[in-house]
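Report on the structure given below.
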There are 2 protein chains.
Amino acid sequence: MPSASETAAGGRRHRVREEALAEILRTGRRLLVDEGPSAVTLRAIAREMGMTAPGLYRYYASHRDLIQALTSHLYDELAAALAEARERRPAEEPGRQLREVCRELRRWALAHPREFGLLFAKPVTDADTAPGSAAHDPSWRFGTVLLDLMVQLWHHGSIEPPNDLDPSWIVQLEEVREHLAGEPVPLEILYVFVSCWARLYGAVAVEVFGHLDFALTDPEPLFEHTLHDILTALGASDR
Amino acid sequence: MPSASETAAGGRRHRVREEALAEILRTGRRLLVDEGPSAVTLRAIAREMGMTAPGLYRYYASHRDLIQALTSHLYDELAAALAEARERRPAEEPGRQLREVCRELRRWALAHPREFGLLFAKPVTDADTAPGSAAHDPSWRFGTVLLDLMVQLWHHGSIEPPNDLDPSWIVQLEEVREHLAGEPVPLEILYVFVSCWARLYGAVAVEVFGHLDFALTDPEPLFEHTLHDILTALGASDR
DNA sequence: CCCTGAAAGTTAACGGTGTTAGCAAATCTC
DNA sequence: GAGATTTGCTAACACCGTTAACTTTCAGGG
């Protein structure tokens with residue numbers, strides 16, 4: 001029988017372990033923010049926590065795993081921030097909700113550029129995110145906030161589907177469809193979703209990665225223009 | 001007086017040095033492509049070249065400098081590829097030229113994702129590219145290929161300037177204007193250029209960085225759609 | 001022709017990194 | 001309290017960037 005000091009979350013031992021796991025990630029993130037990705041080192045994290053590097057192997061099997069866990073955590077944090085932004089507008093107006101969510105994505109990215117870089121500049125920058133890896137699910141938890149909202153928008157608004165849908169896409173789009181709860185979404189509509197996501201990602205990335213610095217100090221108006229285009233494509237014009 | 005074995009490029013000694021500099025970069029790039037950015041290491045490069053790591057310091061002052069030189073070289077290669085693509089269409093049709101150049105940018109990025117990542121996912125991923133650093137000029141040599149073509153397009157075509165140009169942009173845009181040869185370009189037109197660059201970068205980056213993999217196997221039609229939008233905004237519709 | 005001096009490359013070493021093996025202590029379970 | 005499990009340690013290995021000091025190579029001037 002479990003000891004009396006247990007909580008609902010299953011065992012005191014288990015609880016302090018969870019706290020240690022969290023502190024490792026917290027420390028790693030602080031290093032990431034303060035000194036850049038190359039400073040997120042097992043020894044540095046251990047040093048900051050007052051322990052030695054090999055001790056961390058009781059919590060993460062490798063440096064790679066630790067970074068992956070941090071990535072997952074950040075995806076969740078971003079998804080939570082987006083969900084919170086969504087709630088700032090009534091559910092009856094998914095257009096306004098989506099606008100708020102897109103703005104929050106940009107806001108979060110600008111406020112946390114290092115974290116954004118870890119999440120969204122990765123697959124090519126270093127180790128490959130395997131299809132079934134631990135970073136896959138969290139990335140979906142993030143993306144679903146956007147996709148679900150687009151589905152709502154599809155119900156409320158009037159998306160005009162493209163007339164020329166490349167047949168090679170159908171296979172992959174059907175896999176995406178399975179990830180969406182509720183009634184099935186037409187593939188043409190999914191195409192619009194994907195193209196809007198591409199546009200949104202591009203608008204945020206080009207700014208956060210510094211590829212507008214050569215010309216603009218404040219790209220916000222440009223982003224707002226892009227956002228307007230996106231919402232129009234989704235049948236949710238300015239009001 | 002110089003020895004008889006000299007070539008036009010100034011001294012045999014100097015020539016073998018240039019070749020060594022080039023081989024270092026070549027080797028570093030091969031490591032980048034074959035094993036990822038974290039494998040581009042002084043010791044690995046030296047090992048592949050049959051020498052020892054400290055020897056490389058006769059050529060580059062630090063690992064950072066070497067990476068920066070590699071970055072510059074890749075910017076130049078990309079710029080050359082774009083220029084070559086431009087020449088595939090007659091100068092009288094800057095619209096077709098620009099389309100070819102944009103396609104070549106995507107082609108190059110997909111064929112060299114690691115290199116693209118080094119060039120275009122950097123400022124946030126690690127060390128900061130200082131404003132006056134050596135990577136600044138090469139990045140301009142690349143960007144100018146696009147900007148010059150847009151200027152040509154402005155002369156030939158009909159770009160409709162936006163009616164609401166944020167006043168805070170004027171200062172920075174004027175700095176961009178100085179980098180362009182020939183007659184001065186109106187700031188409103190420059191705004192269109194910048195917004196098209198943002199769109200182009202986003203379209204390529206979202207694909208190369210793998211953020212369409214969840215949905216699409218072949219994003220080319222999506223890119224072509226984006227490209228059509230870009231050319232339309234520049235007053236160079238499909239034909 | 002040899003002599004000089006710069007350039008190129010070497011080895012040895014320092015502190016940093018991820019990672020493994022083996023051990024000691026603390027803590028939970030019975 | 002005894003046994004088992006978890007947690008953290010130290011020592012060590014291979015790799016990294018970087019520096020210092022040394023040797024070798026070799027172009028060029030007297």
Side-chain angles (χ1 to χ4, degrees), chain A residues 1-7 9-25 27-28 31-32 34-71 125-128, chain B residues 1-25 27-28 31-32 34-71 125-127:
Chain A
M1 173 185 171
S3 92
S5 63
E6 265 189 27
T7 70
R12 184 202 112 143
R13 197 74 176 263
H14 181 261
R15 214 174 56 247
V16 310
R17 178 164 232 282
E18 291 298 312
E19 167 51 27
L21 284 164
E23 182 181 355
I24 292 173
L25 260 44
T27 309
L31 287 167
L32 170 69
D34 292 349
E35 310 175 39
S38 64
V40 184
T41 213
L42 286 181
R43 291 186 132 105
I45 294 174
R47 210 179 302 132
E48 299 266 325
M49 293 177 62
M51 58 185 291
T52 60
L56 293 177
Y57 281 79
R58 302 292 173 182
Y59 298 93
Y60 294 102
S62 69
H63 180 253
R64 207 189 120 91
D65 280 24
L66 192 158
I67 298 295
Q68 203 157 274
L70 179 55
T71 302
T125 206
D126 226 348
D128 15 17
Chain B
M1 171 184 173
S3 92
S5 62
E6 264 190 26
T7 69
R12 185 201 113 146
R13 200 73 176 261
H14 181 260
R15 215 174 55 246
V16 309
R17 178 165 232 280
E18 291 299 311
E19 167 52 27
L21 285 164
E23 182 181 354
I24 293 172
L25 259 41
T27 309
L31 287 168
L32 170 69
D34 293 349
E35 311 174 39
S38 64
V40 185
T41 214
L42 287 182
R43 290 186 132 104
I45 293 174
R47 209 179 302 132
E48 299 267 326
M49 293 177 62
M51 58 186 290
T52 59
L56 293 178
Y57 281 80
R58 301 290 172 181
Y59 299 94
Y60 294 102
S62 69
H63 180 255
R64 207 187 121 91
D65 280 23
L66 192 157
I67 298 295
Q68 204 156 274
L70 180 55
T71 302
T125 206
D126 226 345

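The shown structure was predicted, so the numbers you read here are calculated from the model rather than taken from an experiment. Below, each value reflects all heavy atoms present in this structure, side chains not excepted, and no hydrogens, waters or symmetry copies.
Scored by the side chain to side chain contact (heavy atoms under 4.5 Å, CB included) test, A:E48 finds A:T27, A:R30, A:L31 as partners (sequence neighbours excluded). Under the rule for a side-chain hydrogen bond (donor to acceptor under 3.5 Å, both in side chains), B:E23 has no partner lying at least two apart in sequence or in another chain.
Between the CE atom of B:M51 and the P atom of D:dT24 there is a distance of 17 Å, given to the nearest Å. The distance from atom CD1 of B:I45 to atom P of D:dT18 is 12 Å, rounded to the nearest whole Å. Rounded to an integer number of Å, the gap from A:R17 CZ to C:dA26 C1' is 15 Å. For the pair A:L56 CG and D:dT6 P, the interatomic distance rounds to 18 Å; values are reported in whole Å. Going from atom CZ of A:R15 over to atom C1' of C:dC28 covers 14 Å, rounded to whole Å. To the nearest angstrom, P of D:dT18 lies 10 Å from CD1 of B:I67. Here the P atom of nucleotide D:dG17 and the OH atom of B:Y59 are 18 Å apart, to the nearest Å.
Where the helix from C:dC1-D:dG30 to C:dC30-D:dG1 starts and where it ends, the local axes point in directions that differ by 10°; five pairs per end, rounded to 10°.
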- Quick tally for nucleotides 13-21 of chain C: nucleotides whose base has a protein heavy atom under 4.0 Å get B, sugar-phosphate-only ones S, the rest -, giving B---BBBB-
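Among the protein residues, B:Y60 comes within range of no part of the nucleic acid, since none of its heavy atoms lies under 4.0 Å from any strand.
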Exercise answer: donor-acceptor pairs, residues 51-59 of chain A side-chain atoms, under 3.5 Å, sequence neighbours excluded:
none

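The side chain of A:R58 sits closest to C:dC23 out of C:dT11, C:dA8, C:dC23.
For C:dT10, one of the phosphate oxygens OP1 or OP2 lies less than 4.0 angstrom from a side-chain nitrogen or oxygen of B:T52.
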